[in-house]
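Quick one: this structure, given as structure tokens, is what I'll be asking you about.
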There are 2 protein chains.
Amino acid sequence: MTVTIVDIAREVHMTHGTVSRALRGSQQVSRETRKLIQQTARKMGYMPNSLARSLRTRSSNTIGIILPSDVQMEVLQERVAATARLAHQENLDLMTYYNWPEEHPYQRAVHSLRSAQVAGLIVSHMCEPTLPEALKDWVDEDRPIIFLTDYGRESFNMIDTDRVEGFRLATEYLVGLGHRKLSIVLPWWDGPTPSPNVQVRLEGFRKGLQEAGLPYSPERVITYKAMIEEGMTEAMRRLVDSPDRPTALLTYNDNAAAACIQELAKLGLKVPKDISVVGFNDSSISRRNLIPITTLAQPVEEMARITMRKLTDMVRGEGAKRFPSVLCPPKLMIRETTAGLGP
Amino acid sequence: MTVTIVDIAREVHMTHGTVSRALRGSQQVSRETRKLIQQTARKMGYMPNSLARSLRTRSSNTIGIILPSDVQMEVLQERVAATARLAHQENLDLMTYYNWPEEHPYQRAVHSLRSAQVAGLIVSHMCEPTLPEALKDWVDEDRPIIFLTDYGRESFNMIDTDRVEGFRLATEYLVGLGHRKLSIVLPWWDGPTPSPNVQVRLEGFRKGLQEAGLPYSPERVITYKAMIEEGMTEAMRRLVDSPDRPTALLTYNDNAAAACIQELAKLGLKVPKDISVVGFNDSSISRRNLIPITTLAQPVEEMARITMRKLTDMVRGEGAKRFPSVLCPPKLMIRETTAGLGP
DNA sequence: CTGTTAGCGCGTTCAT
DNA sequence: ATGAACGCGCTAACAG
């Protein structure tokens with residue numbers, strides 16, 4: 001059926017050992033036989049069995065990547081695609097596992113990927129601020145791993161956009177436009193502390209206010225119930241009715257920004273004339289919205305490059321198994337949902 | 001380092017053969033020893049090496065999926081995620097290859113995935129109307145394969161949204177609203193015939209017109225240069241200046257629809273008062289656009305189910321290696337970019 | 001019921 | 001420069 005090195009060996013009247021060496025370009029096999037073997041291999045349509053190779057060499061050339069299957073994030077997919085291209089250039093394969101939130105998150109994913117003998121792991125979407133149990137073993141064994149999501153300050157091996165810097169930058173920009181009454185619109189959190197995703201945004205916002213010498217108070221934060229369809233509707237109504245209505249809004253991401261703008265329009269507020277709005281992600285909706293949304297672009301390509309470099313280093317045993325997290329600054333994309341204050 | 005079945009065998013004073021059987025739940029091993037072995041396996045943190053298993057059984061439980069890395073398609077990613085979830089339920093792994101267009105498309109992808117001994121292939125984004133050379137061998141060998149993209153009528157093993165029906169349905173809907181002057185906005189094609197992606201849309205449009213008893217003429221088709229930023233700008237200007245301006249527009253997809261609406265607004269035309277616009281895909285931009293876009297939703301979950309069922313059948317040798325393509329009807333999502341004609 | 005043995009395809013060490 | 005032989009971890013066929 002499929003042609004193996006023994007088939008080739010039989011064809012050229014040699015042993016499969018020689019064929020193996022020749023195909024790997026070993027110097028200790030004569031030039032002629034090497035050429036002969038390589039030619040016949042091609043002629044016979046030989047294709048190496050990477051399973052057997054990995055089994056023998058005890059090292060695989062595939063890396064596992066764990067993605068969330070519940071949330072759809074355009075930018076995450078861009079990152080994955082960019083990373084994958086670089087991986088393919090290094091002759092690395094990608095085994096994807098779409099993680100479905102369950103009682104033991106990541107457990108099935110890690111189990112499956114371990115069985116497949118992946119050489120490294122790329123993990124996205126840490127919902128929890130703490131390392132999941134299933135990943136703990138992997139980390140403790142000092143196996144190569146990289147996290148794609150900014151899930152807290154005390155993290156390591158994480159490569160992501162610096163959201164604190166992003167929201168600080170956006171605040172600075174709005175203040176520069178003359179705005180003094182800023183608010184940030186964030187999904188509501190149940191527990192005593194907001195989720196890391198919310199926290200970093202808030203931190204950047206506060207930092208920006210502080211640098212501008214503007215006071216921060218909890219009233220500057222407008223929350224909405226994320227899962228409920230009317231969450232944003234209700235939040236914007238609250239905002240419009242508030243005694244000290246803000247003139248500029250930071251939002252969780254572009255989708256939230258677009259939802260904001262929809263609701264504000266229904267309430268009779270024009271963006272950006274009456275109120276400015278900034279999104280996050282530079283996703284297609286920010287570019288194609290009827291009013292293109294001012295937003296922050298994640299440095300996707302750059303992060304992909306760093307990710308692959310770190311990962312290949314680790315897989316080859318060249319780099320340290322742990323490194324301090326890398327945060328890349330986003331880029332402000334000024335479009336049409338932000339404007340200076342009217343006269 | 002890693003614990004294998006021989007380690008377990010040593011632990012329970014048996015041979016690895018027995019351990020292998022016990023772990024697979026074979027009936028021909030006593031209940032007690034089976035329990036004992038399974039417990040010690042868990043205790044020792046055993047994890048099967050699926051490479052070795054696949055090598056031995058000559059059958060792998062991973063399926064390859066080839067995706068385009070250049071175009072970002074939200075709906076495609078949704079399909080992949082949905083399919084992946086079902087695959088994982090069947091204990092199938094997914095090896096992803098992000099195809100980068102080059103001189104020999106799919107060649108590196110197929111090579112890589114073949115080496116990994118994937119049991120089946122899922123292929124998206126057939127740019128060409130004809131089967132790529134690299135996939136021809138795979139098909140000729142009757143290996144399991146499924147195509148995700150509607151690339152022509154004479155195809156097989158393809159599962160996708162029925163775009164002809166979608167555009168017919170949209171046309172029918174617009175005609176039902178009272179529109180008589182419809183146009184379709186499509187990316188420009190260089191060759192003598194449009195690309196399959198364009199062709200199916202055009203076909204649906206013509207079908208819809210015909211059923212409504214409305215005449216079709218080439219002037220009903222408005223083309224724009226897809227890669228050029230100003231393509232849509234120029235196309236919409238042409239549209240507005242045309243002597244017999246249409247009152248309703250079908251577009252390539254939601255992004256194109258949003259771009260249309262942006263440009264029409266710049267030219268002073270209000271959607272939907274002056275002109276109706278229909279998109280395609282039900283992507284987030286259609287939902288979150290300042291004016292939510294009427295569009296057609298692809299039956300993502302349904303297609304994922306069919307895909308996995310067909311694929312698992314093929315992989316298990318239960319189903320035929322070729323089946324007639326399956327086209328699933330999209331669903332019309334009526335939102336706010338379409339309206340009846342004014343009095 | 002359990003032990004023994006033989007590979008799956010490949011890389012590699014030890015001879016020659 | 002090439003051959004012979006072993007083993008990676010696992011399944012399966014054959015004994016007993």
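A note on names: the letters A, B, ... follow the listed sequences, proteins ahead of strands, and every chain is numbered from 1.
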Please state how far atom CZ in B:Arg10 lies from atom C1' in C:dG3, giving the value in whole angstrom units.
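B:Arg10 atom CZ is separated from C:dG3 atom C1' by 17 Å.
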Value in whole Å for how far the C1' atom of C:dT4 lies from CD1 of B:Ile5
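In whole Å, C:dT4 C1' and B:Ile5 CD1 are 14 Å from each other.
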Should the pair B:Arg85 and A:Tyr98 be classed as cation-pi, given the thresholds of under 6.0 Å to the six-membered ring centre and 45° from the axis?
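Judged by the rule (NZ or CZ under 6.0 Å from the ring centre, within 45° of its axis), B:Arg85 is not positioned above A:Tyr98.
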Side-chain (B:Asp7) to main-chain (B:Thr4) donor-acceptor, under 3.5 angstrom:
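Indeed, once roles are kept as given, a pair shorter than 3.5 Å links the two residues.
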Counting only heavy atoms from other residues, nucleotides and ligands, does the tally under 6.0 Å from CD of A:Glu318 exceed 12?
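It does: A:Glu318 CD has more than 12 such atoms within range.
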Separation of A:Arg56 atom CZ from C:dC10 atom C1', in whole Å?
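Value for this atom pair: 8 Å.
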To the nearest Å, give me how far apart CG (B:Leu51) and C1' (D:dG7) are.
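My rounded result for the distance is 15 Å.
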Does any residue of residues 15-45 of chain B have a heavy atom under 4.0 Å from DNA chain C, and if so, which ones, in number order?
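Residues of residues 15-45 of chain B under 4.0 Å from DNA chain C: B:Thr15, B:His16, B:Thr18, B:Arg21, B:Gln28, B:Val29, B:Ser30, B:Thr33.
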Electrostatic pair B:Arg79:B:Asp160 at N-O distance under 4.0 angstrom:
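Yes, charged N to carboxylate O under 4.0 Å.
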Closest-nucleotide ordering on DNA chain C, the 5'-leading residue of B:Arg58 and B:Met14
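Checking each residue's closest nucleotide, the 5'-ward one belongs to B:Met14.
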Could you state the CD1-C1' distance from A:Ile8 to C:dC10, rounded to the nearest angstrom?
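So the two atoms are 12 Å apart, to the nearest Å.
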Between D:dG9, D:dA12, C:dC10, which one does the side chain of B:Asn49 approach most closely?
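The answer is D:dG9, which lies nearest to the side chain.
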Heavy-atom side-chain contact between B:Gln298 and B:Arg163 under 4.5 Å:
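Yes - at least one pair of side-chain heavy atoms lies under 4.5 Å apart.
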Basic-acidic side-chain contact under 4.0 Å: B:Glu141, B:Arg114:
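Yes, B:Glu141 and B:Arg114 are salt-bridged.
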